[in-house]
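Notes follow once the structure below has been shown.
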Amino acid sequence: MTPITTTAELETFCAKVRGQAFVAVDTEFIRETTYWPRLCLIQAATPDAEAVIDPLAEGLDLEPFLALLRDASLVKVFHAARQDVEIFNILNAMPVSLFDTQVAAMAAGYGEQIAYDALVRNMLKIELDKSSRFTDWARRPLTDSQLTYALADVTHLAVLYPRLRARLEAEGRLAWVADEMKSLCDPTLYDVSPANAWKRLKPRKQAPRYLSVYRAVAEWRERTAQLRDQPRSRILKDDAIDELASQAPTDAVQMERLRSVPKGFAGSRFGPELLETIREALRDPEGSAPVIERTRSPHNPAAGAVVELLKVLLKARAEDAGVASKLIATVSDLEQIAQDDAADTPALSGWRREAFGADALRLKRGELALVLDGSRVRVVEVRRAPRPVPEG
């Protein structure tokens with residue numbers, strides 16, 4: 001098997017893809033020791049054409065393929081798309097008209113986050129060869145068996161997709177996954193701007209002094225990781241950001257006392273720069289601290305118990321519908337519903353409300369009950385005794 005290594009070959013392949021209804025896409029990349037993922041292969045297939053594209057080939061311009069990803073008239077089919085989409089977003093080619101078969105499989109009753117090989121086995125009755133799964137995809141040349149292994153990730157996907165889509169369409173469930181597909185293409189999901197790095201973490205305190213240092217250290221770590229092309233955790237771990245924000249050291253001696261900061265860090269090339277970052281944040285903590293909007297919900301002392309009941313109801317309703325419960329509601333959704341009947345959560349709108357949300361509110365009001373019937377939980381109506389008519 002010969003991969004595409006020239007722009008002319010890529011243009012020829014893309015011409016075959018253009019005008020098709022869909023193209024199945026997958027990537028091979030490495031990022032264990034880097035911040036930025038290194039794209040090593042792109043696999044693509046339609047019912048009539050297939051190819052392995054070598055992005056590492058000297059002089060190859062990926063633009064003809066990236067243009068296909070931006071073409072809204074062509075459905076791009078991925079399995080577990082998020083990391084692939086992240087890579088293409090970095091290349092300024094956010095895929096549009098995306099279909100993720102892992103998400104779709106959740107609506108088709110194949111469970112949560114089913115692996116590609118398991119979905120192929122279930123739907124196509126084919127056992128995939130896994131012998132090349134630990135390949136170093138950056139090494140050249142790749143063998144025929146490695147290229148065949150990589151291509152199988154899309155050739156079977158091109159067969160599987162029409163069947164899975166037809167199944168969801170017949171069951172009226174295509175709309176059930178539409179929001180999930182759109183969210184995968186939301187650029188904010190892949191935002192790596194250093195200024196917003198703190199938002200992807202979990203600050204434990206609300207004090208301005210803490211938050212000001214927390215944001216500044218998170219921003220410093222993100223920028224440093226990007227400039228050095230190293231994983232964030234190799235620069236500084238998450239728990240170190242929390243301790244630095246809590247203790248706010250302003251000199252090397254204070255920093256060296258912190259348990260979560262690597263020994264010798266204060267004396268390294270990073271130490272002086274990070275200490276100055278912290279000192280700068282402390283000059284005006286009130287003005288530099290991020291504003292965290294807290295959700296105000298009616299206090300419900302029994303909310304914890306209600307969440308547990310909602311979990312059981314969700315599992316029962318998901319089983320009834322043959323859908324992965326994660327697609328209907330998350331634990332965060334349940335916590336919001338437990339506190340507020342009018343919570344702004346997807347579980348209380350659209351098809352999710354019909355499948356679960358409305359019953360969740362009825363359960364809270366005591367109109368539904370959960371009954372154990374053997375090994376299965378049944379949801380039953382609660383019949384209320386009529387109020388007695390006053391005499392006289």
Side-chain angles (χ1 to χ4, degrees), residues 31 33-37 82 85-86 89-90 92 94 183 185-299 330-333 335-336 339-340 343-345:
R31 71 180 312 171
T33 61
T34 63
Y35 179 94
W36 303 105
R82 180 161 176 166
V85 173
E86 177 189 1
N89 182 56
I90 292 171
N92 194 32
M94 173 65 76
S183 67
C185 298
D186 182 356
T188 60
L189 189 64
Y190 308 97
D191 176 28
V192 292
S193 57
N196 291 328
W198 71 274
K199 296 180 181 179
R200 295 185 290 276
L201 303 172
K202 295 181 179 179
R204 297 178 182 178
K205 301 177 184 178
Q206 299 290 325
R209 178 183 171 89
Y210 169 90
L211 287 175
S212 178
V213 176
Y214 194 98
R215 177 164 73 175
V217 174
E219 181 175 347
W220 173 86
R221 182 184 72 166
E222 195 78 11
R223 182 178 295 108
T224 302
Q226 290 178 4
L227 290 173
R228 294 180 63 84
D229 195 19
Q230 291 182 336
R232 299 179 184 96
S233 61
R234 289 202 178 182
I235 305 298
L236 208 60
K237 295 189 181 298
D238 290 356
D239 58 352
I241 296 178
D242 174 70
E243 189 176 11
L244 285 162
S246 296
Q247 301 301 320
T250 56
D251 60 45
V253 174
Q254 293 174 343
M255 181 176 284
E256 281 298 318
R257 293 185 185 138
L258 303 184
R259 295 180 62 183
S260 58
V261 175
K263 188 175 181 179
F265 188 90
S268 71
R269 70 179 73 178
F270 296 135
E273 185 178 332
L274 180 55
L275 284 168
E276 179 55 34
T277 296
I278 294 172
R279 288 192 288 264
E280 179 64 29
L282 293 174
R283 288 190 180 100
D284 181 19
E286 295 285 346
S288 60
V291 177
I292 298 179
E293 295 184 6
R294 296 190 229 183
T295 305
R296 297 183 177 274
S297 301
H299 180 62
T330 64
V331 173
S332 175
D333 294 331
E335 290 172 346
Q336 292 181 62
Q339 289 282 5
D340 185 1
D344 182 16
T345 170

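Of all the heavy atoms in Asp191 and Arg200, the pair that sits closest is O-NH1, 2.7 Å. The two residues Ala266 and Ala252 make their nearest non-hydrogen contact at CB-O, 3.7 Å. Across all their heavy atoms, Thr277 and Val217 have their closest contact at CG2-N, 4.4 Å. Closest of all the heavy-atom pairs between Val213 and Ala245 is CG1-CA, 3.6 Å. Shown here for Pro203 and Leu211, the closest heavy-atom pair between the two residues is CB-CD2, 3.9 Å. Considering all non-hydrogen atoms of both residues, Met255 and Ile278 come closest at CE-CD1, 4.3 Å.
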Show, in sequence, the C-alpha distance, side-chain angles and deciding distance for Met94 and Glu86, and conclude whether the side-chain contact (heavy atoms from CB on, under 4.5 Å) test is met. CA-CA 8 Å; Met94 173 65 76; Glu86 177 189 1; over 6 Å; no
May I have the step-by-step check of side chain to side chain donor-acceptor pair (under 3.5 Å) for Glu219 and Trp198, ending in yes or no? CA-CA 7 Å; Glu219 181 175 347; Trp198 71 274; over 6 Å; no
side-chain contact (heavy atoms from CB on, under 4.5 Å) between Arg228 and Ile235: does it pass, once the steps are laid out? CA-CA 9 Å; Arg228 294 180 63 84; Ile235 305 298; 4.3 Å; yes
Please determine whether side-chain contact (heavy atoms from CB on, under 4.5 Å) holds for the pair Val192 and Trp36, giving the CA-CA distance in whole Å, both sets of side-chain angles, and the decisive distance to 0.1 Å. CA-CA 10 Å; Val192 292; Trp36 303 105; 4.0 Å; yes
Applying side-chain contact (heavy atoms from CB on, under 4.5 Å) to Gln226 and Arg232, what does each step give before you reach the verdict? CA-CA 8 Å; Gln226 290 178 4; Arg232 299 179 184 96; over 6 Å; no
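Distance check, rounded to the nearest 0.5 Å: CD1 of Ile90 to OH of Tyr190 gives 10.5 Å. To the nearest 0.5 angstrom, Lys199 atom NZ is 10.5 Å from Ile292 atom CD1. From Ile241, atom CD1 reaches atom OG of Ser246 across 11.5 Å, with rounding to the nearest 0.5 Å. A distance of 9.0 Å separates CG in Leu244 from CH2 in Trp220, rounded to the nearest 0.5 Å.
With Thr34 contributing its side chain and Pro37 its backbone, the two residues share no donor-acceptor pair below 3.5 Å. Between the side chain of Asp229 and the main chain of Tyr35, a donor-acceptor pair closer than 3.5 Å is present.
Contact check on Arg221 versus Asp238 returns a salt bridge, with a Lys/Arg side-chain nitrogen under 4.0 Å from an Asp/Glu carboxylate oxygen. Using a 4.0 Å cut-off between a side-chain N of Lys or Arg and a carboxylate O of Asp or Glu, Arg223 and Glu273 do not qualify as a salt bridge.
Donor-acceptor pairing under 3.5 Å is recorded for the side chains of Ser193 and Asn196.
At a threshold of 4.5 Å between non-hydrogen side-chain atoms, the residues Leu189 and Ser183 do not count as touching. With contacts defined as side-chain heavy-atom distances shorter than 4.5 Å, the pair Arg234/Thr33 qualifies. For the pair Leu274 and Thr224, the minimum side-chain heavy-atom distance is 4.5 Å or more. Put simply, the side chain of Ser332 does not reach to within 4.5 Å of the side chain of Thr345, judged on heavy atoms.
Applying the side chain to side chain donor-acceptor pair (under 3.5 Å) test to pairs two or more places apart or on separate chains, those with a residue in residues 207-217 are Tyr210-Asp242, Ser212-Ser288. Counting only residues at least two apart or on different chains, the side chain to side chain donor-acceptor pair (under 3.5 Å) pairs with a member in residues 255-272 are Glu243-Ser260.
When the shell of 6.0 Å around CZ of Arg283 is examined, it contains more than 12 heavy atoms from other residues, nucleotides or ligands.
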